[in-house]
Amino acid sequence: LRVNLKTRKPVIANKMGGFSGAAIMPVALRMVYQVYDAVNIPLIGMGGVSCAEDVIEMMMCGATAVQVGAANLVDPCACKTIIEDLPRVMEKYKIESLTDIIMVACYDLNYNKVSIMQIPRDTYVGSDVRTGKINAVYGSAREGESNIKALMRCINQKLGLPIDHYITITVDGTEDIIDAIGGVDINLDFQYKLVDDSVSPEEVNYVGPGTVHLDGQWCTALIRHRKSYSQGDLGRMKAQRSIYAAILKKITTELSLSAVTKIATNCMDDISTDLTLSEVLAYAEKAYSLSLEDVTIMSVPGQSQYAS
């Protein structure tokens with residue numbers, strides 16, 4: 001209830017009304033938390049959700065899914081923006097439930113050839129996971145199943161690909177490895193506005209067009225960047241292929257085998273794998289002789305569209 005002092009009448013025609021938007025977020029969080037504690041059913045969190053941080057708060061309080069309401073009146077693209085921002089925000093707060101980059105690599109040791117298949121993180125895999133996307137499988141493991149095993153199972157079932165070993169690495173770990181090799185040179189088709197929001201205040205860097213040298217900070221920002229591409233994740237994967245090629249070229253043409261071995265050893269703290277250190281070093285030594293012609297990178301075929 002609000003009163004107009006000039007007219008001496010209620011501002012709202014019905015005299016009294018409810019309120020919505022950010023003001024009710026704390027109340028909504030409390031209610032989701034209490035209901036989650038009282039019942040064992042899926043919950044939809046709603047009330048004041050306007051950004052990716054709000055979505056994560058709701059889920060931390062027990063929501064299975066989240067509804068966006070009044071924020072859509074302020075910005076009709078609010079839902080799309082929130083979905084795109086979730087991986088970035090989760091990485092910022094070290095919440096490892098989504099996989100930003102998924103690849104399957106096949107190394108033919110007899111012919112020293114490598115085939116890499118990129119899997120778009122937005123690939124639809126069904127209703128077994130909350131969002132239906134493959135990047136959420138990592139955070140939707142079954143009881144007694146590790147996160148990475150859940151993703152391996154999904155790739156095997158949906159794509160028919162057996163997975164022998166795995167390697168996971170965080171964004172920070174990727175940044176450390178690129179810095180360890182001295183950064184990379186990449187040719188960009190147009191100017192990118194790269195944003196690093198892992199620091200406060202966030203940093204912005206305009207790079208390209210043409211050949212640019214990127215350190216770990218801005219190389220990982222480019223790896224995760226997607227707003228400049230009309231096809232979203234599909235466009236982003238094309239840029240990532242250029243980065244992978246630049247890393248391989250830097251390793252095989254500018255670094256010695258001993259330097260590569262030392263970097264591989266030092267970076268073991270940045271990765272999680274079922275390979276032993278000796279196995280990693282053996283692969284690193286073998287891969288050192290690879291050329292760009294020995295590596296084929298492809299993507300899972302598909303088209304960009306929303307599914308509900």
Side-chain angles (χ1 to χ4, degrees), residues 1-98 100 121-122 124 127-133 135-136 139-140 193-204 224-233 304-308:
L1 174 65
R2 292 296 303 275
V3 177
N4 186 318
L5 298 181
K6 292 182 178 180
T7 64
R8 276 68 166 176
K9 295 180 179 180
V11 173
I12 302 174
N14 199 39
K15 294 186 179 180
M16 292 176 288
F19 62 104
S20 63
I24 63 172
M25 181 73 177
V27 177
L29 287 172
R30 171 203 165 189
M31 298 308 299
V32 169
Y33 180 82
Q34 290 181 323
V35 173
Y36 177 81
D37 193 48
V39 299
N40 185 28
I41 59 174
L43 302 177
I44 299 177
M46 62 181 73
V49 176
S50 61
C51 61
E53 286 86 347
D54 294 343
V55 171
I56 294 172
E57 275 196 80
M58 278 288 187
M59 290 190 166
M60 284 184 170
C61 287
T64 306
V66 174
Q67 180 196 68
V68 180
N72 288 303
L73 301 177
V74 179
D75 177 10
C77 295
C79 288
K80 183 175 182 292
T81 300
I82 289 172
I83 291 171
E84 291 179 348
D85 280 350
L86 271 172
R88 173 188 62 79
V89 174
M90 293 181 74
E91 177 59 33
K92 178 180 179 180
Y93 293 101
K94 311 301 180 185
I95 302 171
E96 298 182 0
S97 292
L98 298 178
D100 209 45
R121 69 178 189 177
D122 293 339
Y124 183 72
S127 58
D128 291 343
V129 294
R130 290 177 177 176
T131 64
K133 300 178 182 181
N135 72 328
S140 304
K193 178 185 177 181
L194 302 180
V195 178
D196 181 5
D197 56 10
S198 65
V199 295
S200 182
E202 67 178 24
E203 297 181 11
V204 177
R224 304 178 65 210
H225 179 84
R226 65 186 291 173
K227 291 186 177 180
S228 297
Y229 313 119
S230 59
Q231 288 187 301
D233 200 35
S304 180
Q305 66 180 45
Y306 285 98
S308 59

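The nearest pair of heavy atoms linking A23 to P26 is O-CD, 3.7 Å. Taking all atoms of both residues into account, the shortest heavy-atom contact from L5 to R8 is O-NH1, 2.8 Å. Across every non-hydrogen atom of V49 and M25, the tightest pair is N-SD, 4.2 Å. In terms of heavy atoms, I82 sits closest to V55 at CG2-CG2, 3.6 Å. Among all heavy-atom pairs drawn from G45 and A63, the shortest one is N-CB, 3.8 Å. Of all heavy-atom pairs between G47 and A28, the closest is O-CB, 3.6 Å.
Side chains of V35 and L43 form a contact here, defined as non-hydrogen atoms less than 4.5 Å apart. In this structure the side chain of D85 never reaches within 4.5 angstrom of the side chain of C51, judged on heavy atoms. L29 is listed as a side-chain neighbour of M58, based on a closest heavy-atom distance under 4.5 Å.
By the side-chain contact (heavy atoms from CB on, under 4.5 Å) test, N14 is found to be paired with I12, residues two or more places apart in sequence or in another chain being considered. Partners of D54 according to the salt bridge (Lys or Arg N to Asp or Glu O under 4.0 Å) rule, which considers only residues two or more places apart in sequence or in another chain, do not exist here. R224 meets the side-chain hydrogen bond (donor to acceptor under 3.5 Å, both in side chains) test with no other residue; sequence neighbours excluded. In this view, V204 and K193, V195, Y206 satisfy the side-chain contact (heavy atoms from CB on, under 4.5 Å) rule, not counting sequence neighbours. Residues meeting the side-chain contact (heavy atoms from CB on, under 4.5 Å) test with L1, sequence neighbours left out: P10, M16. When the side-chain contact (heavy atoms from CB on, under 4.5 Å) test is applied to A71, the partners found at least two apart in sequence or on another chain are S50, V68, A78. Shown here are the side-chain hydrogen bond (donor to acceptor under 3.5 Å, both in side chains) partners of S228, two or more places apart in sequence or in another chain: H225. In this structure, the side-chain hydrogen bond (donor to acceptor under 3.5 Å, both in side chains) partners of D196, at least two apart in sequence or on a different chain, are S198, Q217.
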Any chance you could lay out the side-chain contact (heavy atoms from CB on, under 4.5 Å) test for L86 and I56, step after step, and finish with the verdict?
CA-CA 8 Å; L86 271 172; I56 294 172; 3.9 Å; yes

Give the intermediate values and the outcome of side-chain contact (heavy atoms from CB on, under 4.5 Å) for residues V89 and E53.
CA-CA 7 Å; V89 174; E53 286 86 347; 3.8 Å; yes

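We find the CG-NZ distance between D122 and K133 to be 4.0 Å, quoted to the nearest 0.5 Å.
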